[in-house]
A.B. asks: 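Sharing a structure here in structure tokens format.
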Amino acid sequence: MEEGCSCIYSRMASRFSIGLLMILAIVFLMVRVLYVIYRCGKPLPKGASQSFSTLIVLGSGGHTAEMLSLLSVLRKDRFTPRFYIAAATDNMSLQKARSFEDSVADKPAVKEASSQFMQIYRSREVGQSYVTSVWTTIVAIVHALWLMIRIRPQVILCNGPGTCIPLCVIAFVFKVLGIRWSSIFYVESVARVKKLSLSGLLLYKLRIADQFFVQWPQLQKKYPRAHYVGCLM
């Protein structure tokens, strides 16, 4: 009888220990998430690197043209090396990015800058069924994870294409886990006048972006944590 009671107490103690560890892990994770959200958008400490490896997410439908317009006014020597990423079926965007890099390659300030061009699987193609998109979404997330581990960018620039979501989510998870701190800068497309795109809304509501910019004043009033910068195009 005593041995049976002892066995029951031992099991209860073991379950209690496991439960306590799980609670502590959840609490620690929540505290870490809150800390990351608090840190997002804070200025870099003094003595930070003079140049930042930069991941640039391109997209069809005008996203690439807007992104290259934004890059044209940035100091290329501060954002180097640059890694351009577009969807696997979006060859036009990468061609435009290559032409842009060729146009600035002769400038002294960026003569030594390096750039790489790569593609990422789409989570869902236009017209693809939701059933088959489950598998392609898993493949896209795994591919995004591999790219983020490979690139480990310090800065991520994006302006709306859906391909930026898995990359930004993984970057946020890396922050929480202490693997890599990537500052995410999101610039909403100029085409979004009254409401955010789905990508922008997700990054805004989940507080994933470090800095969130809009190009219309009415959007800034509707989303107060966004910064109004005027039309960049």
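None of these values were measured; they are calculated from a predicted model.
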A.B. asks: Would you kindly check if the NZ (Lys) or CZ (Arg) of Arg98 is within the cone defined by 45 degrees around the ring axis of Phe117 and under 6.0 Å from the six-membered ring centre?
C.D. replies: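 Geometry flag: set, cation within 6.0 Å and 45°.
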A.B. asks: Do the side-chain N and O atoms of Ser99 and Asp102 include a donor-acceptor pair separated by under 3.5 angstrom?
C.D. replies: no
A.B. asks: Mind checking whether Met148 and Leu55 have side chains closer than 4.5 Å, heavy atoms only?
C.D. replies: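 When only atoms from C-beta onward are counted, Leu55 and Met148 do touch, with a gap below 4.5 Å.
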A.B. asks: Which distance, rounded to the nearest 0.5 Å, do you find between the CD of Glu101 and the CG of Leu68?
C.D. replies: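 Glu101 CD to Leu68 CG: 9.0 Å, rounded to 0.5 Å.
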A.B. asks: Which atom pair, heavy atoms only, marks the closest approach of Pro166 to Gly162?
C.D. replies: CD-O, 3.6 Å
A.B. asks: Flag yes if more than 12 heavy atoms outside Arg207 fall under 6.0 Å of its CZ atom; otherwise flag no.
C.D. replies: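 Counting neighbours around CZ of Arg207, 12 or fewer heavy atoms of other residues, nucleotides or ligands fall under 6.0 Å, so no.
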A.B. asks: Using 30° and 60° as the class limits, which term best fits the ring planes of Tyr204 and Tyr223: parallel, tilted or perpendicular?
C.D. replies: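 Plane angle over 60°, so perpendicular.
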A.B. asks: Can you pull out every side chain to side chain donor-acceptor pair (under 3.5 Å) where at least one residue sits in residues 187-196? Sequence neighbours excluded, please.
C.D. replies: Glu66-Ser189, Tyr186-Glu188, Glu188-Ser197
A.B. asks: Take Val33 and Val31 through the side chain to side chain contact (heavy atoms under 4.5 Å, CB included) test and state the conclusion after the steps.
C.D. replies: CA-CA 5 Å; Val33 169; Val31 171; over 6 Å; no
A.B. asks: Which heavy atom in Cys164 sits nearest to a heavy atom in Leu203, and how many Å separate them?
C.D. replies: SG-CD1, 4.4 Å
A.B. asks: Looking only at atom types and distance, does a side-chain atom of Arg82 sit under 3.5 Å from a main-chain N or O of Lys76, one as donor and one as acceptor?
C.D. replies: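 Confirmed, Arg82 side chain pairs with Lys76 backbone.
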A.B. asks: Do the non-hydrogen side-chain atoms of Ser72 and Phe100 ever get within less than 4.5 Å of each other?
C.D. replies: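 Touching, per the 4.5 Å side-chain cut-off.
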A.B. asks: Using a 3.5 Å distance criterion without hydrogens, assess whether the side chain of Ser182 forms a donor-acceptor pair with backbone atoms of Pro153.
C.D. replies: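 Side chain of Ser182 to backbone of Pro153: a pair is present.
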A.B. asks: State whether the number of non-hydrogen atoms from other residues, nucleotides or ligands found under 6.0 Å of Met92 atom CE is greater than 12.
C.D. replies: no
A.B. asks: Check the pair Val193 / Leu219 against side chain to side chain contact (heavy atoms under 4.5 Å, CB included), numbers first and verdict last.
C.D. replies: CA-CA 7 Å; Val193 179; Leu219 273 182; over 6 Å; no
A.B. asks: Are Arg152 and Phe174 close enough that some pair of their side-chain heavy atoms sits under 4.5 Å apart?
C.D. replies: no
A.B. asks: State yes or no: do Ile179 and Ile141 share one hydrophobic cluster built from I, L, V, M, F, W and Y residues joined by side-chain heavy-atom distances below 4.5 Å, directly or via other members?
C.D. replies: no
A.B. asks: Should Val173 and Phe28 be counted in the same cluster of Ile, Leu, Val, Met, Phe, Trp and Tyr side chains packed under 4.5 Å apart?
C.D. replies: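 Val173 does not cluster with Phe28.
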A.B. asks: Thr54 side chain to Phe52 main-chain N or O, any donor-acceptor pair under 3.5 Å?
C.D. replies: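 Yes; at least one donor-acceptor contact below 3.5 Å.
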A.B. asks: Side-chain contact, heavy-atom cut-off 4.5 Å: Pro161 with Ser60?
C.D. replies: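 No, too far: nothing below the 4.5 Å cut-off.
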A.B. asks: My understanding is that only residues two or more places apart in sequence, or in another chain, count here; which of them pass ring-ring contact (aromatic ring centres under 6.0 Å, His included) with Tyr121?
C.D. replies: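 With neighbours one apart ignored, the set is His143.
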A.B. asks: Nearest 0.5 Å, what's the CG-OG1 distance between Leu58 and Thr64?
C.D. replies: 4.5 Å
A.B. asks: Nearest 0.5 Å please: distance from the CZ atom of Arg32 over to the CG atom of Leu177.
C.D. replies: 8.0 Å
A.B. asks: Evaluate the criterion side-chain hydrogen bond (donor to acceptor under 3.5 Å, both in side chains) for residue pair Gln211 and His227; output intermediate values, then yes/no.
C.D. replies: CA-CA 8 Å; Gln211 295 286 349; His227 302 282; 2.9 Å; yes
A.B. asks: Report the distance from atom CD1 of Ile151 to atom CH2 of Trp146, rounding to the nearest 0.5 Å.
C.D. replies: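 The CH2 atom of Trp146 is 8.5 Å from CD1 of Ile151, to the nearest 0.5 Å.
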A.B. asks: Is there a side-chain contact between Phe83 and Met118, using heavy atoms and a 4.5 Å cut-off?
C.D. replies: yes
A.B. asks: Taking all atoms of both residues into account, what is the closest heavy-atom pair of Met67 and Ile56, and its distance?
C.D. replies: CG-CG2, 3.5 Å
A.B. asks: What pair of heavy atoms forms the shortest contact from Gln154 to Ser51, and how long is it?
C.D. replies: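 Closest pair (atom of Gln154, atom of Ser51, distance): OE1-O, 3.8 Å.
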A.B. asks: Are Val169 and Ile149 connected in a single hydrophobic cluster, I mean Ile/Leu/Val/Met/Phe/Trp/Tyr linked by side-chain heavy atoms less than 4.5 Å apart?
C.D. replies: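 Result: yes, single cluster for both.
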A.B. asks: Please walk me through it: do Ile208 and Ile184 pass side chain to side chain contact (heavy atoms under 4.5 Å, CB included)?
C.D. replies: CA-CA 8 Å; Ile208 290 178; Ile184 302 172; 3.8 Å; yes
A.B. asks: Honestly curious: do Leu202 and Leu196 fall in one hydrophobic cluster under the side-chain, below-4.5 Å linking rule?
C.D. replies: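 Cluster IDs for Leu202 and Leu196 match.
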A.B. asks: Do you reckon Val176 sits in the same ILVMFWY cluster as Leu34, going by side-chain contacts under 4.5 Å, direct or chained?
C.D. replies: no
A.B. asks: Shortest non-hydrogen contact from Asn159 to Val57?
C.D. replies: OD1-O, 4.1 Å
A.B. asks: If you compare all heavy atoms of Val190 against all heavy atoms of Gln215, which two are closest, and at what distance to 0.1 Å?
C.D. replies: N-NE2, 3.3 Å
A.B. asks: Would Phe79 and Ser53 count as a side chain to side chain contact (heavy atoms under 4.5 Å, CB included) here? Give the steps.
C.D. replies: CA-CA 6 Å; Phe79 299 90; Ser53 58; over 6 Å; no
A.B. asks: Is Ile85 close to Gln119 at the side-chain level, that is, under 4.5 Å between some pair of heavy atoms?
C.D. replies: no
A.B. asks: Distance from Cys168 atom SG to Ile156 atom CD1, nearest 0.5 Å?
C.D. replies: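 Going from SG on Cys168 over to CD1 on Ile156, the span is 5.0 Å.
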A.B. asks: Listing request: all side chain to side chain donor-acceptor pair (under 3.5 Å) pairs with a residue in residues 168-178, at least two apart in sequence or in separate chains.
C.D. replies: Lys175-Asp210
A.B. asks: How about Ile165 and Leu167: do any of their side-chain heavy atoms sit closer than 4.5 Å?
C.D. replies: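 They are not in contact (no side-chain heavy atoms under 4.5 Å apart), so the answer is no.
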